[in-house]
Amino acid sequence: FSLLSSCFPRSCTFYLVLCIILFLLAQESWVCVLYFQIHFVLLVSRQGKVRLTKWYSPYTQKERSKVIRELSGVILNRGPKLCNFIEWRGYKVVYKRYASLYFCMCIDEADNELEVLEIIHHYVEILDRYFGSVCELDLIFNFHKAYYILDELLIAGELQESSKKTVARIISAQDQLVEAAKEEASSISNIIAQATK
Amino acid sequence: MASSNSLMDSLFQRSLEDLIKGLRLGESTFISRSLEEIRREIKLTDLSTKSVALQKLSYLAALHGVDMAWAAFHAVEVVSSSRFAHKRIGYHAIAQSFSDQTPVMLLITNQLRKDLNSSNEHEVSLALECLARIGTDDLARDLTSEVFTLLGSSKALVRKKAIGVVLRVFDKYPDAVKVCFKRLVENLESSDPQLLSAVVGVFCELTAKDPRSYLPLAPEFYKILVDSRNNWVLIKVLKIFAKLASIEPRLAKKVADPVCEHMRKQNVGKSLLFECIRTVFSSLSDQETALKLAVAKIREFLVDDDPNLKYLGLHALSIVAPKHLWAVLENKEAVVKAMSDEDPNVKLEALHLLMAMVNEDNVTEISRILMNYALKSDPLFCNEIICSVLLPCSRNSYEIIVDFDWYLSLLGEMARVPHCQRGKEIEHQLIDIGTRVKDARLELVRVSRALLIDPALLGNQFLYPILSAAAWASGEYVEFSKSPYEIAEALLQPRTCLLPDSIRAIYIHSAFKVLVFSLGAYFSAQQPTSPPLAQESTSSGHSMVNGFTYNSISSLVNMIELGLCSLSGTIDVEVQERAKNILGFIGMIKHEIAEKATSQNSETEGHRAIAFMEDVFSEELGPVSSTAQEKVPLPEGLELNENLEGLQEICREVLEPMAESDYSSDKVSFSVAKLRIRDQEEASSSLPPPLESSSLLAEHRKRHGLYYLSSQKSEDHNDREGNDNNTSNEYPPANEISVDSFKPKKKISKPRPVVVKLDEGDEPKRKPDASSSNDESLSRAIQTALMGKGKGKEKEKEIVKENHEMNVDTENIEQSSRREKKNKKNGERSSKRSSRRQRGKEASVTKPVEVPDLLL
């Protein structure tokens, strides 16, 4: 870079630096806008505790914590009678509160906010059906199940399954697969056999 | 010993539930202790123990921000297990923690391939989900054939996910389009709503990136738009058409009808209705019936109690505002009402809409409304309001402002809004109007005076820029002031010690200007036969105050002297020097004033000095174009490209202050000698040189006429108030060049094309290039894929049409038996299959972007 700037007269050096910074910025934002309708999903409790995070766009661990901190600060402070959308860093965050949990999804500005609200509601209904009137504690102790259900609902940030029944059927089929294997594996003799192999 | 240790670890391993329970107890060291455990457990050979450890780790990573990149290899190990439970945990961990840079990425290709080919549909779906999340260029390339196979799977679950994965694969490996695109398009005709929803979702995202390539598929999308009953599918199709219609106007006409139909339905979902409205506003706004219907529907949104609908209604209006302002004007009341909504987002949208409505006629009314809101809003929104009033009002050199007196008093009002933090912008506008609009100067001085004499304003640091502008204006245009004494008093009031030194210097300098003006007025009033120079300068200022008596002038001088005495010892050199200068001037002039009362000798030393100083300040300051510096031609023989390597560090320091010193030229120091030097050196400013050197100046102007901004702009405003615009052309100032005349010269007078290009040409061009290389290859691939279909059709023109139908029927039977030949066969088959569909697309062979006539 220093080589580059020495080739140009003084007055351009400043512009050059500026242009390169702009260029880098633009490129970075491009990286984030790949093909995703939903960039990430967050579940935050009213106390600000994170209950579930799912990232469809690439974010580093550092960025993730920053995003969570920033958004939960904004969302938790919004009154009950306000609209469910926030403009945030050029994106829109759609959130909805169910009991003590806030479900948030981040989308592009041009996306349909009402549709995302429906997706959130859809997810809650499926959770409700699966756990039988779902509560926060269910999600705390079965956080992986909540992930698996979300994976059935969305793929690469796109809604892939709009039928509640189908999702329920797939998840229970998978659970059965797991259970069958577990019974076989959890016998103590099996563990000892494995460990002393 | 090692084995017994591991046995203990396996037997008494904390499960995920134990971990969660432990965390809920809130022990501070619990996380680090559990991480220790996990690190130990994850190294064991037993896959059950390993997978539980991995699951615990991914829990901690997801919810407590623990780094889990180190466990990447273990995740791959867990995935290789034959048990579904382990695989699920492993894939979940991979999807969560892998990035393009993860080194073990290479190790999972084979595992993914194995699972994609698995007979268990759930294993396949796990692998697909993982690929959709982490797929890199290499993975996409290596697994394209598997994804292609799965696109034709008979299991809906697998096929649907494969469709979702295609998005990632295309993005990473555009060549995959050649293989997979036909199958993807076939799915558009699927009867299964789930598949249709998935495939439309994929096309929606693809179209958003590059609409042109997908125009040939318009008939398929149109069919879905008309036939589908699924809201989610319809929303996606509408999004697709919003993109397509914006590049193909004929399509807009065709699509408008079904969109209207959806809007007219009684029980249409709000999300679909909103999407229809947005599509109409953004892409079909030329279709009158559709637009009218959409505006009628948006009104329902605006008056709805649901804040979401209200917000979206306002948001949609802001899309249509630039093109069809009447839609906003019709809903003006609702918009104004939304300004008092409790939701800041709604208020903000309403504010933007209100400002979109502003024009010459209603700017007064709307600003009045907004200022009322600003007074009672919270600081954040208040400044948002102020900002959004300032911006449109100043656009295109105050295009919409007719009454500048009103606007200046509005600016003064803004300064008094308690939460105002936009001092910088207001400062800029006050000075800008002062230099550009001659007729507004009287009001400017009045407003400035009101700001200066209010001691309460001096306590608010956000107002300092405004005060500095007010001080400058009342000094520069003191001839319009009713009472210079009052202004001098305000400029030197004790509370000015609260100001930062740089602004204080401006205060002192303005006080000096007031003093010089007052003395000049006093002397010329005393001497009707005063020298012509002084007389001229006084009369040119439309002097309103000639009523200086000996008493008033000496009290003014005393007051200034008193006020500055304390400042001559200030630490800041700028303040100190200015104060000392004035004190010196006063010392020189003081006894002359006393003499004046008694003797009638006109040619005194002091008199000449005052006349001289008046000249210094009499030249008007004009606005300087921000691009003036660029228009300076490079002198011949000046070598700029060499010997600068060592100067790089210095450059950076020098350039930054230079960029900021826009105004430094306005705040002239009053040393005449300095002034002359600066005038010759700093060509970009139009400093007032003393009158003696006016011939020099004229010469200078002639030589460097380019640097001076034409005065046309400032005259424009006066013109619009009554005179015809043409009048300004009747008296073209000899040495001033109009804005237009720059244009032809621009090319000639820029011997530094490299600089200019770097500035506005090169970089922006490189930007899209670098970022869109991938997109381009993708869109090219898709265009060839679609064109290929057209060509295939041509070749098979002779093939009997009836055969075509049979082909479709037999296809399913063939599918299972001839899997290995599938790749080749399918290419042919689908081209036959789509031949009928493609008839209209023949045009696309030559012009790939054209929409088939079939539709239009």
Side-chain angles (χ1 to χ4, degrees), chain A residues 2 5-6 8-16 19 22-23 26-27 30 34-35 37 50-53 58 61 64-65 79 81-87 112-115 118 140-141 143-144 147-148 151 155-156 158-163 170 173-174 177-178 181-182 185 191-192 194-196, chain B residues 3 6-7 10-11 17 20 46 48 55 59 62-63 65 67 83-85 88 92 99 122 129 132-133 157 160-161 164-165 167-168 171 194 197-198 201 205 232 235 270-271 274-275 307-308 310-312 342-343 345-346 640-641 644-645 648 651-652 655 659 755 758-759 763 766-767 770-771:
Chain A
S2 65
S5 62
S6 61
F8 297 104
R10 275 169 177 232
S11 55
C12 353
T13 328
F14 179 65
Y15 289 111
L16 193 75
C19 285
L22 283 177
F23 171 58
Q27 213 180 25
W30 170 77
L34 279 171
Y35 281 125
Q37 191 209 2
V50 187
R51 295 299 180 211
L52 184 145
T53 56
Q61 194 74 48
R64 292 179 185 185
S65 339
K81 281 185 184 167
L82 311 185
C83 71
N84 295 100
F85 319 121
I86 319 169
E87 281 167 43
N112 192 320
E113 296 88 344
L114 293 175
E115 184 198 10
E118 282 169 19
I140 293 172
F141 283 104
F143 102 111
H144 47 298
Y147 272 110
Y148 301 147
D151 280 344
I155 187 163
E158 282 287 333
L159 182 79
Q160 56 153 343
E161 182 55 72
S162 53
S163 150
I170 294 170
Q174 290 181 357
L177 269 177
V178 174
K182 210 186 250 171
I191 296 178
I192 293 172
Q194 287 247 338
T196 51
Chain B
S3 77
S6 69
L7 181 63
S10 308
L11 269 178
E17 198 170 329
I20 296 170
D46 177 26
S48 304
Q55 190 176 29
Y59 176 83
L63 303 190
D67 179 52
R83 286 213 194 106
F84 180 73
R88 186 148 83 158
H92 176 73
S99 71
H122 296 292
E129 261 158 35
R133 179 63 195 80
L157 170 68
K160 185 181 67 190
K161 287 197 176 169
V165 169
L167 203 54
R168 179 94 187 186
D171 183 36
Q194 303 306 329
S197 140
E205 299 295 320
W232 273 322
I235 288 173
K270 287 278 186 241
S271 54
F274 179 64
E275 197 58 47
N308 287 341
K310 205 182 284 177
Y311 170 79
L312 291 177
E342 57 179 318
D343 190 337
N345 291 353
V346 172
L640 288 175
N641 296 338
L644 277 172
E645 284 86 351
Q648 199 201 332
C651 280
R652 209 172 285 150
L655 279 167
V755 184
L758 251 182
D759 196 6
E763 286 299 324
R766 254 169 61 191
K767 201 191 307 167
S771 64

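Per chain, numbering begins at 1; letters A, B, ... match sequence-line order.
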Worksheet entry | Verdict with reasoning, B:D343 to A:K81, per side-chain contact (heavy atoms from CB on, under 4.5 Å) | CA-CA 8 Å; B:D343 190 337; A:K81 281 185 184 167; over 6 Å; no

Worksheet item: Non-hydrogen atoms of chain B under 4.5 Å away: do they reach the side chain of A:E115, the backbone, both or neither?
Response: both

Response to the item:
If one checks every heavy atom of A:F143 against chain B at 4.5 Å, the contacting part turns out to be side chain

Worksheet entry | Nearest atoms (heavy-atom pairs only) where A:L52 meets B:L63 | N-CD2, 3.5 Å

Worksheet item: Do you know which two heavy atoms are closest between A:E118 and B:S271, and how far apart they sit?
Response: OE2-OG, 2.9 Å

Worksheet item: Given a strict heavy-atom distance threshold of 4.5 Å, which part of B:Y59 is in contact with chain A: side chain, backbone, both, or neither?
Response: both

Worksheet item: Got a sec, which residues hit side chain to side chain donor-acceptor pair (under 3.5 Å) with A:R51, two or more places apart in sequence or on another chain?
Response: A:E136

Fill in: Criterion side-chain contact (heavy atoms from CB on, under 4.5 Å) on B:L157 and B:H122, from CA distance to verdict
CA-CA 9 Å; B:L157 170 68; B:H122 296 292; 4.2 Å; yes

Fill in: Most chain B-contacting option - heavy-atom pairs closer than 4.5 Å, from A:L82, A:T53, A:N84, A:L114
A:L82

Worksheet item: Among B:E342, B:K270, B:K161, B:E275, who wins on heavy-atom pairs under 4.5 Å with chain A?
Response: B:K161

